[in-house]
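All remarks here apply to the structure that follows.
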Number of protein chains: 2
Amino acid sequence: MAIHKKEEFSTKEQHLAAFAKAISHPARIAILGVLAKRNQCICGEIVEILPLAQSTVSQHLKELKNAGLIDGETDGPRSCYCINWKAFEKFNAEFHSLFEKLKEANAKCC
Amino acid sequence: MAIHKKEEFSTKEQHLAAFAKAISHPARIAILGVLAKRNQCICGEIVEILPLAQSTVSQHLKELKNAGLIDGETDGPRSCYCINWKAFEKFNAEFHSLFEKLKEANAKCC
DNA sequence: TTTATTAATCGTTTTTATACGATGAATATG
DNA sequence: CATATTCATCGTATAAAAACGATTAATAAA
């Protein structure tokens, strides 16, 4: 990609795109599902459920955390994760708002 | 990535992830904005607006089309694109449903 | 204190994404 | 018919993502 051009778009577009990227892998959607069902759980439990190696799961968790969708805190030698519902809600609203704004813009023009 | 593991997740997870990937780049979100505002337009118009080369825009359009989010048909030497609102609505509903299901699963457990 | 458990990080490999210029095919215009 | 316009595709380069095994750091247990 020689040069990244992502910076040349609006903050809103970048923000929404980053969120979309966070959930653009089935493993990460599956992780959110596990966390929702159990409210919170440690990395090892997720590794047992997903068909992925421990290091790979850890990577996906890191990305979800960077995107703000989950929180994680250490509990002894373990790491306990849970969904950040507030952030998730906010992202959900943002996405819905994109859809509504597109429809609105379209209605104005036609 | 040695081996792809995406296939080992559920169809629903794969489907939603693919949709998220389609809108996971600011350029593609911007393209949707342009299409919504003008209802339909040709590739060249989008190229004039975005800070990207013609071939790059064409690639992004192809991805949006593959994801089903836009339709495109040739009009002489031009290619005219527009948003596939039905598909977009469906994806929007699917995404919203993910959020609701996560909340529901979480409510059951706590 | 030694040992085991847990998970993050490192290093590496392979695949995919992003971006561009150049080419080519199709159609429109002179 | 020759030329110009438009855009998709090709080839290429670089960056990022995805996956794994191995290592390491931290804590718990023996």
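Reminder, nothing fancy here: chain letters follow the sequence lines and each chain counts from 1.
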Review point. Can you tell me how far C1' of C:dA17 sits from CD1 of B:Ile23, to the nearest Å?
Key: 17 Å
Practice item. Using a 4.5 Å cut-off on heavy atoms from C-beta on, say whether the side chain of B:Ile70 contacts that of B:Leu35. Key: yes
Practice item. Let me know the distance between CD1 of A:Ile42 and P of C:dT5, rounded to the nearest Å. Key: 13 Å
Study note, to complete from the structure: Rounded to whole Å, CD1 of B:Ile31 lies from P of D:dC7 at a distance of 13 Å
Check your understanding: When you check the phosphate oxygens OP1 and OP2 of D:dT14, does a side-chain N or O of A:His4 lie under 4.0 Å from one of them?
Key -> no
Review point. Quick one: is A:Lys21 getting a side-chain N or O under 4.0 Å of the C:dA17 phosphate, OP1 or OP2?
Key: no
Exercise for review: Whole angstrom is fine here: how far is it from CG in B:Leu50 over to P in C:dT18?
Suggested key: 14 Å
Review point. With no hydrogens and no angle check, do the side chains of A:Ser10 and A:Glu13 hold a donor and an acceptor under 3.5 Å apart?
Key: yes
Review point. Quick one: are B:Lys65 and B:Asp71 in side-chain contact, heavy atoms under 4.5 Å?
Key: no
Point to revise | Which residue lies more 5' along DNA chain C, comparing B:Ala27 with A:Leu61 via nearest heavy atoms | key: A:Leu61
Exercise for review: Mind telling me whether A:Phe19 and A:Phe91 have parallel, tilted or perpendicular rings, with 30° and 60° as the class edges?
Suggested key: parallel
Study note, to complete from the structure: With the side chain defined as heavy atoms from C-beta on, A:Ser58 is closest, among D:dA8, D:dA18, C:dT9, to C:dT9
Practice item. Can you measure from CD1 (A:Ile23) to CZ (B:Phe99) and round to the nearest 0.5 angstrom? Key: 11.5 Å
Revision key, fill the gap. Separation of C:dT18 atom C1' from B:Lys62 atom NZ, nearest Å, is 14 Å
Check your understanding: Nearest heavy-atom pair of A:Arg28 and A:Lys21: which atoms, and what distance?
Key -> NH2-O, 3.1 Å
Practice item. Could you state the atom-to-atom distance from NZ of A:Lys65 to P of C:dA7 in whole Å? Key: 13 Å
Review point. To the nearest angstrom, how far is A:Glu48 atom CD from C:dT5 atom C1'?
Key: 13 Å
Check your understanding: Any side-chain N or O of A:His60 less than 4.0 Å from the OP1 or OP2 oxygen of D:dA17?
Key -> no
Practice item. Apply side-chain hydrogen bond (donor to acceptor under 3.5 Å, both in side chains) to the pair B:Glu94 and B:Ser97, showing each step before the final yes or no. Key: CA-CA 5 Å; B:Glu94 257 179 64; B:Ser97 152; over 6 Å; no
Exercise for review: For each nucleotide in nucleotides 20-30 of chain C, reading 5' to 3', give B when a protein heavy atom comes within less than 4.0 Å of its base, S when such contact involves only the sugar-phosphate, and - otherwise.
Suggested key: BBB----SS--
Check your understanding: Which whole-number value in Å describes the distance from B:Lys6 NZ to D:dA18 C1'?
Key -> 8 Å
Review point. Does B:Tyr81 make a side-chain N or O approach to OP1 or OP2 of D:dA8 shorter than 4.0 Å?
Key: yes
